[in-house]
Peer 1: 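Would you mind keeping the following structure in view while I ask a few things?
All figures in this text were calculated on a predicted structure; none of them were measured in a lab. Lettering of chains follows the sequences in order, A, B, ..., and the numbering in each one begins at 1.
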Protein chains: 2
Amino acid sequence: MPKRVDHTERRTEIAEALLRVAARRGLHAVGMRDVAAEAGVSLRLVQYYFETKEKLLLFGLQQLADRFGERVAARVRAAGDHPGPRAMIEAMLTAALPTDEDSRTFHLVYTSYAVLSVTDEVLAAQPFIANPDAAEGTLVALFRQAEESGLIRPGLDAHLEAVGLLAMSAGLGTSILVGQRSPESAAAVLKHQLDRIFQ
Amino acid sequence: MPKRVDHTERRTEIAEALLRVAARRGLHAVGMRDVAAEAGVSLRLVQYYFETKEKLLLFGLQQLADRFGERVAARVRAAGDHPGPRAMIEAMLTAALPTDEDSRTFHLVYTSYAVLSVTDEVLAAQPFIANPDAAEGTLVALFRQAEESGLIRPGLDAHLEAVGLLAMSAGLGTSILVGQRSPESAAAVLKHQLDRIFQ
DNA sequence: ACCAACGTGGTACGTTCGTATCACAAAGAG
DNA sequence: CTCTTTGTGATACGAACGTACCACGTTGGT
């Protein structure tokens with residue numbers, strides 16, 4: 001049976017299983033055995049490809065961030081061939097809202113990781129600063145571009161707007177997740193905010 | 001030794017211990033024995049006053065929400081004798097930001113509960129809808145009041161503004177918690193947003 | 001003064017967790 | 001054709017967890 005196997009691919013499959021279980025039962029309740037069962041492999045294999053649970057969690061977080069990046073990129077591409085800054089910004093912000101099962105998973109698991117990273121030092125590492133910072137940078141650039149095109153009233157602080165919008169989007173996402181708000185009303189709030197900034 | 005004891009008071013003490021441990025090591029890592037040690041009582045007593053861990057968690061969440069309500073109320077009172085709507089709104093929103101150790105605890109543990117409530121049905125019960133909804137209602141009322149006093153430009157949607165600001169505050173709080181943003185810059189973002197709404 | 005209920009301690013039980021160990025089959029290298 | 005490496009299974013181990021059980025001193029009611 002033991003053909004030579006691609007480690008990276010196998011690790012990805014197992015990490016995907018981890019994310020599925022985490023989405024279903026919560027990240028705190030995920031055990032090595034659950035991941036193994038979900039991936040359809042033995043416990044030993046999970047141990048083999050990720051020596052320790054911590055490394056599995058780390059890889060899973062990385063994977064989650066990567067997948068989300070692709071999701072946002074796809075959304076932006078779907079916004080059209082030459083989308084204006086407003087359309088791109090709206091696509092980015094609404095992509096982060098938990099509207100379908102995939103984005104629900106992302107939001108829930110990512111938030112779980114964020115909570116873990118506060119008390120677990122080794123998990124606090126890269127992605128919780130790098131990833132949102134990148135989104136912030138992109139948003140700032142889009143605002144600057146919109147400003148030069150005269151689409152928004154001049155003199156507004158691109159950085160403050162970008163940070164505020166991202167925080168608002170994240171907060172709305174959480175309230176959707178816990179069932180307090182509908183995705184539609186959250187999108188309306190974001191749209192309202194953008195309406196005030198643009199034109 | 002067994003004097004007749006006030007159950008409510010004892011339960012409160014134990015719940016406070018739970019919150020302290022949760023703040024230090026994360027809610028997911030809290031065990032009954034940890035709570036007992038932190039409260040300075042035996043494991044048996046924790047079992048005695050809360051028969052099960054689930055009930056302890058539920059009570060702890062209630063306690064956390066109560067304490068936060070008091071905190072916000074104190075902040076609003078501290079804003080002055082006859083604070084304008086703007087000052088009250090700003091007090092409410094900044095009270096939710098994790099600036100000191102107490103509010104850090106609140107934000108972290110509350111977020112942990114929120115994450116748990118998504119997958120744990122019994123925990124999803126009351127406070128995650130009731131509490132934010134109350135804040136939303138208060139904010140809406142303040143906006144209406146400000147509108148009637150002519151402090152803000154007419155025709156703005158009080159509900160959309162309230163929801164957006166609360167979400168922004170929550171999102172900023174999380175980014176402070178994970179170390180991405182400083183409390184000062186988060187407060188500046190909120191202030192900027194309020195500046196645009198008022199007058 | 002007795003008796004039932006209350007408050008408290010100690011400890012044991014069954015389960016689950018992450019990790020380690022042992023064994024072995026298949027495949028590439030020489 | 002051997003031999004070392006790689007992949008995989010089964011299982012064992014020690015710790016920690018939530019909970020249950022048993023014993024005992026104290027208190028208030030009658």
Peer 1: List for me each residue that meets side-chain hydrogen bond (donor to acceptor under 3.5 Å, both in side chains) alongside R144(A), sequence neighbours excluded, and say none if there are none.
Peer 2: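 For R144(A) there are no side-chain hydrogen bond (donor to acceptor under 3.5 Å, both in side chains) partners, ignoring immediate neighbours.
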Peer 1: Looking at DNA chain C, which of residues 11-33 of chain B put a heavy atom within less than 4.0 Å of it?
Peer 2: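 Result for residues 11-33 of chain B: R33(B), sorted by number.
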Peer 1: Rounding to an integer number of Å, can you tell me how far R10(B) CZ sits from dG7(C) C1'?
Peer 2: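 Rounded to the whole Å, the gap is 8 Å.
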Peer 1: In residues 147-161 of chain B, what donor-acceptor pairs under 3.5 Å come from side-chain atoms, sequence neighbours left out?
Peer 2:
| residue | atom | partner | partner atom | Å |
| --- | --- | --- | --- | --- |
| E147(B) | OE2 | G155(B) | N | 3.4 |
| S149(B) | OG | Q145(B) | O | 2.9 |
| D157(B) | OD1 | H159(B) | N | 2.9 |
| D157(B) | OD1 | L160(B) | N | 3.1 |
| H159(B) | NE2 | E136(B) | OE2 | 2.8 |
| E161(B) | OE1 | R196(A) | NH1 | 3.3 |
| E161(B) | OE1 | R196(A) | NH2 | 3.3 |
| E161(B) | OE2 | H192(A) | NE2 | 2.7 |
| E161(B) | OE2 | R196(A) | NH1 | 2.8 |

Peer 1: Using heavy atoms and a sub-4.0 Å distance, could you list which residues of residues 47-55 of chain B are near DNA chain C? By number, please.
Peer 2: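 Contacting residues: Y48(B), Y49(B).
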Peer 1: Please list, chain by chain and in numerical order, all residues satisfying salt bridge (Lys or Arg N to Asp or Glu O under 4.0 Å) with E51(A), sequence neighbours excluded.
Peer 2: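 K55(A).
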Peer 1: Taking only distance into account, with no hydrogens and no angle test, what donor-acceptor pairs under 3.5 Å do side-chain atoms of residues 168-179 of chain B form with protein atoms, sequence neighbours excluded?
Peer 2:
| residue | atom | partner | partner atom | Å |
| --- | --- | --- | --- | --- |
| S169(B) | OG | L93(B) | O | 3.1 |
| T174(B) | OG1 | A170(B) | O | 3.2 |
| S175(B) | OG | L172(B) | O | 2.8 |

Peer 1: Does S42(B) make a side-chain N or O approach to OP1 or OP2 of dG9(C) shorter than 4.0 Å?
Peer 2: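 Answer is yes, contact under 4.0 Å.
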Peer 1: Within this structure, what is the CG-to-C1' distance between L43(B) and dA16(D), rounded to whole angstrom?
Peer 2: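 Whole-Å distance recorded here is 12 Å.
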Peer 1: Applying salt bridge (Lys or Arg N to Asp or Glu O under 4.0 Å), can you list everything that pairs with R24(B), at least two apart in sequence or on another chain?
Peer 2: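 Partners of R24(B) under the salt bridge (Lys or Arg N to Asp or Glu O under 4.0 Å) test: E38(B).
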Peer 1: Do F50(A) and F59(A) have side chains that get closer than 4.5 Å, going by heavy atoms?
Peer 2: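 They are in contact (side-chain heavy atoms under 4.5 Å apart), so the answer is yes.
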Peer 1: Under 4.0 Å: is that the gap between some side-chain N or O of H7(A) and OP1 or OP2 of dT6(D)?
Peer 2: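 False: H7(A) side-chain N/O out of range (4.0 Å or more) of dT6(D) OP1/OP2.
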Peer 1: Run the salt bridge (Lys or Arg N to Asp or Glu O under 4.0 Å) test against D195(B) and tell me which residues pass, sequence neighbours left out.
Peer 2: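 Per chain and number, D195(B) pairs via salt bridge (Lys or Arg N to Asp or Glu O under 4.0 Å) with R86(B), K191(B).
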Peer 1: Would you list the pairs meeting salt bridge (Lys or Arg N to Asp or Glu O under 4.0 Å) in which at least one residue belongs to residues 67-80 of chain A, sequence neighbours left out?
Peer 2: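 Residue pairs with at least one partner in residues 67-80 of chain A: E16(A)-R67(A), R71(A)-D100(A).
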Peer 1: With a 3.5 Å cut-off and just heavy-atom distances, do the side chain of R44(A) and the base of dT21(C) make a donor-acceptor pair?
Peer 2: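 Looking at the base of dT21(C), it does pair with a donor or acceptor on the side chain of R44(A) (distance under 3.5 Å).
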